[in-house]
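See structure below.
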Protein chains: 2
Amino acid sequence: MPSGMTDEDKKRQLDSRDIKPTAMRELVLDVLSRQTAAIGLPELEAHFEKADRTTLYRTLKTFEEKKLIHKIVDGTGTVKYALCSETCECEPDDLHVHFLCEKCGKTYCLYDIPVPTINLPHGFKLEGVNMVINGICASCRK
Amino acid sequence: MPSGMTDEDKKRQLDSRDIKPTAMRELVLDVLSRQTAAIGLPELEAHFEKADRTTLYRTLKTFEEKKLIHKIVDGTGTVKYALCSETCECEPDDLHVHFLCEKCGKTYCLYDIPVPTINLPHGFKLEGVNMVINGICASCRK
DNA sequence: GTAACTTTGCAACCCGGTTGCACTTCCTTT
DNA sequence: AAAGGAAGTGCAACCGGGTTGCAAAGTTAC
């Protein structure tokens, strides 16, 4: 889901998710769209000289609420986020598997690999799934 | 994996995992064996009047290293732990799915539901999987 | 009994996440 | 254009889980 997005694209993308396109938000979306791996708040912070943590925090939060991005809990202690595909509604059917590389620490969306269906015991209601595989990624094995 | 364990049982269990059976460790194992849901450090702490966080922290750590318990990252911000089955070596084949109830906040091991096999993209090496389903548990839906 | 090692306890720290509040910006209404 | 209200931003401070360093206590080997 990387890069190559005009300002207009960005505005449209925010608009399509009902997010008021402020300057800050466009900048954050821009950073997000350039990532090849999921990004956490601390790392996002590092992409800006002057922006403050709270604003970025809240930006991510609204992006998540509006389903522009999704949260990934990979066990590293930092919650990470990545852009949703355009049609994603973050329903169980939309979910994919994630991969955390032990070596480089990066967390990748495996957009092509849907989260497998699970038959829960009787009485349990499924609402979401967080599936993270850990191991060594292709680039680190080369 | 609940309760009903004699002191001898506990010593044996620690022993089988190469953990020197100190008083503290037996107490912690005792608490762990009484749980119906996974437990985190803060909650474990609350089970003791006087024991100190660090010791419990390190106890969990060695238990985990020795594969007596396994870690569950459920996204609540607290890492949780639950006893491994006796034969568990924490290899991918040994892993099961976990369930976090949004309502009661408890995290359950679904020991009967193995983590599905995933075909990773070429070049990726799988070492472990953390799969947590969230929703409403059977007791909370009653 | 003493030396070497392990475990425990205390204190302090780190860091990600989060909240409260004041200030600014933007949008609406007149 | 001005006033009012809502939404967004920035600062400061806080919270809580996790983690480390170090000294004291306990254990084990000789």
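Each chain gets a letter, A, B and so on, in the order the sequences are listed, and its residues count up from 1. Fair warning: this is a prediction, and the values are worked out from it, not measured in the lab.
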Take the protein atom CG of A:Asp74 and the nucleotide atom C1' of C:dG16, then report the distance between them rounded to whole Å. 13 Å
Of all the nucleotides listed (D:dG8, D:dG17, C:dG16), which has the minimum atom distance to the side chain of A:Thr22? D:dG8
Out of D:dG17, D:dC11, D:dT9, which has the shortest distance to the side chain of A:Met24? D:dT9
Report the distance from atom NZ of A:Lys50 to atom C1' of D:dT9, rounded to the nearest whole Å. 10 Å
Pick the closest DNA chain D nucleotide for B:Lys20 and for B:Arg53 by heavy atoms, then say which residue is nearer the 5' end. B:Arg53
Basic-acidic side-chain contact under 4.0 Å: B:Arg12, B:Asp9: yes
Between B:Arg25 and B:Thr54, who's closer to the 5' end of DNA chain C by nearest nucleotide? B:Arg25
Could you tabulate the donor-acceptor pairs under 3.5 Å formed by side-chain atoms of residues 125-137 of chain B, not counting sequence neighbours?
residue	atom	partner	partner atom	Å
B:Asn130	ND2	B:Val73	O	3.0
B:Asn134	OD1	A:Gly128	N	3.2

Return the minimal non-hydrogen interatomic distance between B:Leu27 and B:Phe48, and the atom names on each side. CB-CE2, 3.8 Å
Rounded to the nearest angstrom, tell me the gap between atom CG in A:Leu56 and atom C1' in C:dT18. 14 Å
Between CG of A:Asp52 and C1' of C:dT19 the distance, given in whole Å, is 13 Å
Can you tell me how far P of D:dT9 sits from CD1 of A:Ile19, to the nearest Å? 12 Å
Below 4.0 angstrom from OP1 or OP2 of C:dG17, is there any side-chain N or O of A:Tyr57? no
In this structure, how many angstroms lie between the C1' atom of C:dT6 and the NZ atom of B:Lys61, rounded? 15 Å
Judged by atom type as modelled, is there a donor-acceptor pair below 3.5 Å linking the side chain of A:Asp94 to the main-chain atoms of A:Cys88? no
Measure from CD on B:Glu26 to P on D:dG26 and round the result to the nearest Å. 17 Å
Charged N to carboxylate O under 4.0 angstrom, A:Arg17 versus A:Glu64? no
Atom CG of B:Asp18 and atom C1' of C:dT6 are separated, to the nearest Å, by 15 Å
Between the base of D:dG21 and the side chain of B:Arg58, is there any donor-acceptor pair under 3.5 Å? yes
Phosphate OP1/OP2 of C:dG9: any B:Thr55 side-chain N/O under 4.0 Å: yes
Out of C:dG16, D:dG18, D:dT9, which nucleotide sits closest to the side chain of B:Thr78? D:dG18
